[in-house]
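See below for the structure under consideration.
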Number of protein chains: 2
Amino acid sequence: MGVADESLHGAVLDKLGALVVAGEYATGQVLRIEQLEARFGVSRTVVREAVRVLASMGLVSSRRRVGVTVSPRASWNLFDPRVIRWRLDNGERESLLRSLGELRLGVEPVAAALAAAHATPEQCGRLTEAVMRMAVHGRAGDLESYLAADILFHRTLLEASGNDMFGGLSTVVAEVLAGRTHHRLMPAFPEPAAIRRHAEVAQAIQSGDAAEARRAMRDIVEEATRAMLGPGG
Amino acid sequence: MGVADESLHGAVLDKLGALVVAGEYATGQVLRIEQLEARFGVSRTVVREAVRVLASMGLVSSRRRVGVTVSPRASWNLFDPRVIRWRLDNGERESLLRSLGELRLGVEPVAAALAAAHATPEQCGRLTEAVMRMAVHGRAGDLESYLAADILFHRTLLEASGNDMFGGLSTVVAEVLAGRTHHRLMPAFPEPAAIRRHAEVAQAIQSGDAAEARRAMRDIVEEATRAMLGPGG
DNA sequence: GCGGCTGATAAATCATACTTTTGATGCCGA
DNA sequence: TCGGCATCAAAAGTATGATTTATCAGCCGC
């Protein structure tokens with residue numbers, strides 16, 4: 001799925017990151033490089049590189065004469081897709097999905113409105129294409145292909161906003177969508193209503209109707225969050 | 001300012017990252033580790049660790065027998081504070097600030113509204129404290145202290161939203177505010193009106209008025225963006 | 001009790017050797 | 001001439017020992 005399989009370093013990074021995020025190591029706890037070498041059965045080089053990356057994500061900090069210290073949550077880079085995945089894989093799934101839902105509620109309707117102004121014909125085409133695939137795979141109950149189409153839709157929309165930073169959120173949104181599917185928070189057959197709303201957004205963007213695009217997009221995010229977290233959410 | 005001074009590895013990371021973001025190396029160009037050792041006058045270990053971190057930010061990818069390849073922009077992690085700083089330091093400042101302004105416009109008003117519901121008394125106190133400091137240092141024309149107070153305000157507000165992901169954006173917002181000050185996009189004496197608006201937000205949050213908090217916050221972001229990018233922006 | 005000295009410790013850095021992957025080259029047969 | 005296959009070599013990946021440096025903790029003298 002990620003970098004993990006490709007290299008030793010990636011595997012260690014993935015395991016160690018997951019452990020930290022899962023709270024296996026308490027905040028402030030110090031790990032020693034040597035210890036980690038033994039734990040994972042790899043060389044110093046590999047451990048150090050993994051630790052460096054974790055440090056760059058704010059999960060740990062490394063100081064001479066002290067060791068590798070687990071950092072408090074506040075300093076984590078919560079927008080790193082790997083951090084999101086590790087968190088989704090671990091317990092606090094529900095509260096994280098709620099947070100991500102609120103974030104999407106702030107971002108995606110605005111992005112949809114901007115997309116209505118900025119989307120190229122080619123991007124409009126891709127949106128329609130994505131909706132079509134969602135419909136086809138949704139009816140067939142092929143959740144994995146449905147997911148791919150859903151991700152394509154949201155990624156295209158965020159890119160079409162013409163705003164780099166919104167575009168940069170596409171990996172975050174993709175993690176949310178993937179997490180929802182892979183943790184069985186999706187019904188076996190996606191709601192036809194959800195697909196219809198996506199079509200509405202695509203249509204509104206194509207005809208340059210910013211207000212309608214915003215509204216339909218808000219509906220999508222609101223409904224998706226509600227469906228995931230239950231009626232009370 | 002950052003990690004740079006602390007270690008060789010940090011210095012190399014900072015320089016190399018800035019070069020990539022500045023477009024000194026074209027997308028797809030390959031760098032060789034050995035080359036970089038010579039370029040920066042450090043050992044392989046140091047270069048490799050810097051490259052690993054850059055790879056984790058999506059700026060480059062490293063493959064056997066090929067070298068270190070500069071990745072296309074689309075795969076960069078635009079929410080990494082260092083990437084933001086590198087971009088602000090380099091040419092595309094204006095368009096990036098516009099993008100970040102739109103992002104803040106999507107996020108901060110929502111966060112303010114949430115904060116009105118969730119802020120603890122202690123957080124309300126810190127907001128008021130921050131506004132006071134802004135007023136004092138603003139009158140004195142001490143932009144660096146004003147900046148610190150401004151950052152404190154926004155960070156506290158985002159944290160008070162009770163939403164992890166909004167809290168995680170505080171470093172991004174901090175980079176925007178710092179960039180604005182350090183690139184002389186601030187007037188020598190901050191607008192009293194801006195400070196007043198911050199006071200309004202703090203007040204609205206304290207009294208639990210979500211709608212008013214949202215409105216005042218939107219004013220802050222809109223006006224700040226307008227002031228930075230000129231009347232046309 | 002406080003401030004500075006000192007030694008021990010663990011990360012940081014450097015240098016080097018070995019391994020593995022993979023792009024490139026060139027050969028051979030169809 | 002072209003396409004597939006074996007071989008080679010380049011460059012990253014991995015491992016490890018040696019050396020440097022920062023920092024903590026304890027000691028000493030005032």
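All chains are named by letter (A, B, ...) in the order of the sequence lines, taking the proteins before the strands, and each is independently numbered beginning at 1. Every value quoted in this text rests on a predicted model; they were computed, and no experiment measured them.
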Got a sec, which residues hit ring-ring contact (aromatic ring centres under 6.0 Å, His included) with His154(B), two or more places apart in sequence or on another chain?
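By the ring-ring contact (aromatic ring centres under 6.0 Å, His included) rule, His154(B) matches His198(B).
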
Using the ring-ring contact (aromatic ring centres under 6.0 Å, His included) criterion, which residues pair with Phe166(B)? Sequence neighbours excluded.
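None.
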
According to side-chain hydrogen bond (donor to acceptor under 3.5 Å, both in side chains), does anything in [range] pair up with another residue at least two apart or in another chain? List the pairs.
range	value
residues 66-79 of chain A	Arg73(A)-Glu92(A)
residues 26-42 of chain A	Tyr25(A)-Arg39(A)
residues 44-56 of chain A	Arg48(A)-Glu49(B), Glu49(A)-Arg48(B), Glu49(A)-Arg52(B), Arg52(A)-His9(B), Arg52(A)-Glu49(B)

Taking any atom under 4.0 angstrom from a heavy atom of chain A, which nucleotides of DNA chain C are the first and last to qualify, 5' to 3'?
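For DNA chain C, the relevant span reads dT9(C) to dT13(C).
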
Using heavy atoms and a sub-4.0 Å distance, could you list which residues of residues 31-46 of chain B are near DNA chain D? By number, please.
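The answer is Leu31(B), Arg32(B), Ile33(B), Arg44(B).
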
Which parts of residues 54-64 of chain A get close to DNA chain D, meaning a heavy atom less than 4.0 angstrom away?
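Those residues are Arg63(A), Arg64(A).
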
Under a 4.5 Å cut-off applied to non-hydrogen side-chain atoms, are Phe79(A) and Leu103(A) in contact?
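With C-beta onward as the side chain, the pair touches.
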
Can you list the residues that meet the side-chain hydrogen bond (donor to acceptor under 3.5 Å, both in side chains) rule with Glu102(A), with sequence neighbours excluded?
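side-chain hydrogen bond (donor to acceptor under 3.5 Å, both in side chains) check on Glu102(A) returns Asn163(B).
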
Among all residues two or more places apart in sequence or in another chain, which pass the salt bridge (charged side-chain N to carboxylate O under 4.0 Å, His left out) test with Glu144(A)?
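None.
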
For Arg155(A), what residues pass the side-chain contact (heavy atoms from CB on, under 4.5 Å) criterion, not counting sequence neighbours?
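Partners of Arg155(A) by the side-chain contact (heavy atoms from CB on, under 4.5 Å) criterion, ordered by chain and then number, come out as Leu152(A), Glu159(A), Ser170(A).
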
Please enumerate all residues that pass side-chain contact (heavy atoms from CB on, under 4.5 Å) together with Ala119(A), with sequence neighbours excluded.
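Ala119(A) satisfies side-chain contact (heavy atoms from CB on, under 4.5 Å) with Gln123(A), Cys124(A), Ala160(A), Ile205(A) once adjacent residues are dropped.
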
In whole Å, what is the span from the CD atom of Glu49(B) to the C1' atom of dT14(D)?
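Distance check: Glu49(B) CD to dT14(D) C1' gives 13 Å.
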
In whole angstroms, how far is the P atom of dT7(D) from the CZ atom of Arg65(B)?
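Taking atom P of dT7(D) as the reference, CZ of Arg65(B) is at 17 Å.
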
